[in-house]
Amino acid sequence: MAKSYEEEHPKKAFGWAARDSSGVLSPFHFSRRENGEKDVTFKVLYCGICHSDLHMVKNEWGTSTYPIVPGWLATMKEDRHAERVKNGGQILELSPENHIFGAIFRWPDLGYRNFDSCETGGVSIFSESSSVHEIVGVVTEVGSKVEKFKVGDRVGVGCMVGSCRSCEICVDDLENYCPKMILTYGAKYYDGTTTYGGYSDIMVADEHFVVRIPDGLPLDAAAPLLCAGITVYSPLKYFGLDKPGLHVGIVGLGGLGHVAVKFAKALGAKVTVISTSPNKKKEAIEHLGADSFLVSRDQEQLKATTGTMDGIVDTVSAVHPLLPLIGLLRPHGKLVMVGAPEKPLEIPVFSLLLGRKIVGGSCIGGMKETQEMIDFAAKHNITADIEVIPIDYVNVAMERLLKADVRYRFVIDIANTLKPSL
């Protein structure tokens, strides 16, 4: 007989969870593992809200199982021999065309799906619930073999809590691309139990996947950097858009885009914000420090800026045309996608040939780079623009997030507002 959420591990924990696809969150009791010899336990003080939380609590991707603490993402237990999975009575092929990363798959007509069994090679297991992945707090306990942290340190956990640690990808400090990467939320840990993230009072994680938060960064405004920050910092570095004097475009001025502007400016770039909303120009230039603003629906502005940008970081998750953006690139320019539109985008190949241009993608970053990003943010005073809320406001925040009514990230004050109920 399966153990209850409260009995699965020795440490009692408390958070908020959604019980059904209405997406309404309410108090939830569960448990966390005992602190191991390489583990760090910390009291959660703040936790950011990511847009993926909204999709998951309402089961908009078709993968949620309840109860669910926001931030849940469906992942299959890794099975390298599985070739087909069964979705109800339907057999679905596991192929490179529908492989996203690690053990995550998607079908254009079905979206991201739950699976009840593999036809070959074993059983695919999906998690029961999880939490968000922008988690910061103060260390309360360390294992006997922990070397990097001590009680009282300010720390954070981002999007992952495990990987194989032995493959070539992990050796290259790219744990985020390891096929056996374990997400902070809704995955299966090494012991087979479900991972839970940060809408909760405590967190336990292996020290390798814990980030030190420098004293100069306020914890509340640093929390979103563990997702949004590394999502934009990593492509700026990898694709060579971190050289002073380069012209970098940032598409979209939301939770990702506003942080991207700050990092690109701190790296010395000339930054142009590209948006469909003309009313964001003053915000982009006067508040965030962008050098210029381009309305992507204005053909005259597009024509005047054609062939001027060394690279573009596209943060938009809605379906949108890429041809106008590619036209803004100089020869050898790079358009890097970090948003994840639900439907495939068209790539006009001929426009890439004329100028040897590149369309690429990037997904968060490894642990070494994440620590580098946080240290860089502290040095340059980069934080997310946030609205701090109590936990009992989270349902209202989700509805506001749906309307893009936030500037630019919600952060929950866990320490002062999450109170265990009987």
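The model shown is predicted, which means the values in this text are computed figures rather than measured ones.
Remark: side-chain polar atoms of S163 are not paired, donor with acceptor, to backbone N or O of E175 under 3.5 angstrom. In terms of modelled atom types and a separation under 3.5 Å, the side chain of S275 and the main chain of S277 share a donor-acceptor contact. Side-chain atoms of S362 do not come within 3.5 Å of backbone N or O of V338 as any donor-acceptor pair. Q301 places a side-chain N or O within 3.5 Å of a backbone atom of V295 that can act as its donor or acceptor partner. Using a distance-only test at 3.5 Å, with no hydrogens or angles considered, a donor-acceptor pair links the side chain of S351 to the main chain of P348. Judged purely by atom type and a 3.5 angstrom limit, R154 uses its side chain to pair as donor or acceptor with the backbone of P214. With hydrogens and angles disregarded, no donor-acceptor distance shorter than 3.5 Å links the side chain of S234 to the backbone of I230. For K357 (side chain) and I326 (main-chain N/O), a donor-acceptor pair under 3.5 Å exists by modelled atom type. Between the K334 side chain and the F239 main chain, a donor and an acceptor come within less than 3.5 Å of each other. Of the possible polar contacts, one joining the Q371 side chain to the R212 backbone as a donor-acceptor pair under 3.5 Å is found.
Partners of A221 under the side-chain contact (heavy atoms from CB on, under 4.5 Å) rule, at least two apart in sequence or in another chain, are P218, T383, I386. Remark: D242 pairs with K237, L267 by the side-chain contact (heavy atoms from CB on, under 4.5 Å) rule, at least two apart or across chains. Take S317 and apply the side-chain contact (heavy atoms from CB on, under 4.5 Å) test, not counting sequence neighbours, and it matches no residue. With sequence neighbours left out, H380 forms a side-chain hydrogen bond (donor to acceptor under 3.5 Å, both in side chains) with no residue at all. Considering only residues two or more places apart in sequence or on other chains, K150 meets the side-chain hydrogen bond (donor to acceptor under 3.5 Å, both in side chains) condition with D153. Residues forming a salt bridge (charged side-chain N to carboxylate O under 4.0 Å, His left out) with E207 (at least two apart in sequence, or on another chain): K38. Under the salt bridge (charged side-chain N to carboxylate O under 4.0 Å, His left out) criterion, D191 pairs with no residue, sequence neighbours left out. Residues passing the side-chain hydrogen bond (donor to acceptor under 3.5 Å, both in side chains) test with D392, sequence neighbours excluded: none. Y190 is linked by a side-chain hydrogen bond (donor to acceptor under 3.5 Å, both in side chains) to nothing, counting only residues two or more places apart in sequence or in another chain. In this view, K368 and D173 satisfy the side-chain contact (heavy atoms from CB on, under 4.5 Å) rule, not counting sequence neighbours.
The heavy-atom pair separating V271 from K265 by the smallest distance is CG2-CD, 3.6 Å. Nearest approach of A266 to I382, heavy atoms of both residues: CB-CD1, 3.8 Å. Heavy atoms only, all atoms of each residue included: V44 and S200 are closest at CB-O, 3.3 Å. Counting all heavy atoms, side chain and backbone alike, I169 lies closest to P179 at CD1-CD, 4.2 Å. The two atoms that bring I135 and C47 nearest to each other are CG1-SG, 4.3 Å, heavy atoms only. Closest approach of L217 to I374, counting heavy atoms only: CD1-O, 3.7 Å.
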### Task
Would you sort out whether D201 and K43 count as a salt bridge (Lys or Arg N to Asp or Glu O under 4.0 Å), showing the intermediate values?
CA-CA 6 Å; D201 51 1; K43 178 182 179 181; over 6 Å; no
### Task
Dump the intermediate steps for side chain to side chain contact (heavy atoms under 4.5 Å, CB included) on E134 and L225, then the final yes or no.
CA-CA 7 Å; E134 301 172 357; L225 299 182; over 6 Å; no
### Query
Between Y177 and C170, does a side chain to side chain contact (heavy atoms under 4.5 Å, CB included) hold up when you go through it step by step?
CA-CA 8 Å; Y177 298 125; C170 286; over 6 Å; no
### Message
Please determine whether side chain to side chain contact (heavy atoms under 4.5 Å, CB included) holds for the pair L329 and I312, giving the CA-CA distance in whole Å, both sets of side-chain angles, and the decisive distance to 0.1 Å.
### Response
CA-CA 8 Å; L329 295 172; I312 297 173; 3.8 Å; yes
#### Entry: Criterion side chain to side chain contact (heavy atoms under 4.5 Å, CB included) on L322 and E346, from CA distance to verdict
CA-CA 7 Å; L322 299 185; E346 290 187 6; over 6 Å; no
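Between R33 and D39 there is a salt bridge, with a side-chain nitrogen of the basic residue lying less than 4.0 Å from a carboxylate oxygen of the acidic one. Between E283 and R407 there is a salt bridge, since a side-chain N of the basic residue sits under 4.0 Å from a carboxylate O of the acidic one. Note on E286 versus K281: no salt bridge recorded, every NZ/NE/NH1/NH2 to OD/OE distance being 4.0 Å or above.
Judged by distance alone, the side chains of T41 and R32 never bring a donor and an acceptor atom under 3.5 Å apart. S292 and T272 share a donor-acceptor pair across their side chains, judged by distance under 3.5 Å alone. In the model, H287 has a side-chain atom that pairs as donor or acceptor with a side-chain atom of D385 under 3.5 Å. Under 3.5 Å, the side chains of E399 and N395 contain no donor-acceptor pair of N or O atoms.
Atom CE of M309 and atom NE2 of H247 lie 4.0 Å apart (nearest 0.5 Å). Atoms OG1 and OH, from T195 and Y189 in turn, are 9.5 Å apart once rounded to the nearest 0.5 Å. A distance of 12.5 Å separates CD1 of I412 from CG of D220, quoted to the nearest 0.5 Å. Atom SG of C159 sits about 9.0 Å away from atom CG of N176, to the nearest 0.5 Å. In this structure, M203 CE and L45 CG are separated by 14.0 Å, a value rounded to the nearest 0.5 Å.
With a 4.5 Å cut-off on side-chain heavy atoms, L353 and F350 count as touching. Between I389 and D413 there is no side-chain heavy-atom pair separated by less than 4.5 Å. By the 4.5 Å heavy-atom criterion applied to side chains, V232 and F263 are counted as neighbours. R400 places a side-chain heavy atom less than 4.5 Å from the side chain of Y393. Using a 4.5 Å heavy-atom cutoff, the side chains of V40 and V204 are not in contact.
The distance between the ring centers of F14 and F28 does not fall below 6.0 angstrom.
Note on residues 396-420: pairs passing ring pair (Phe, Tyr, Trp, His ring centres under 6.0 Å), not counting sequence neighbours, are H258-Y408. Residue pairs meeting the side-chain hydrogen bond (donor to acceptor under 3.5 Å, both in side chains) criterion with at least one member in residues 304-315, sequence neighbours excluded, are D310-R330, D314-H320.
By the 6.0 Å contact criterion, OH on Y238 is open, its count of non-hydrogen atoms from other residues, nucleotides or ligands being 12 or less.
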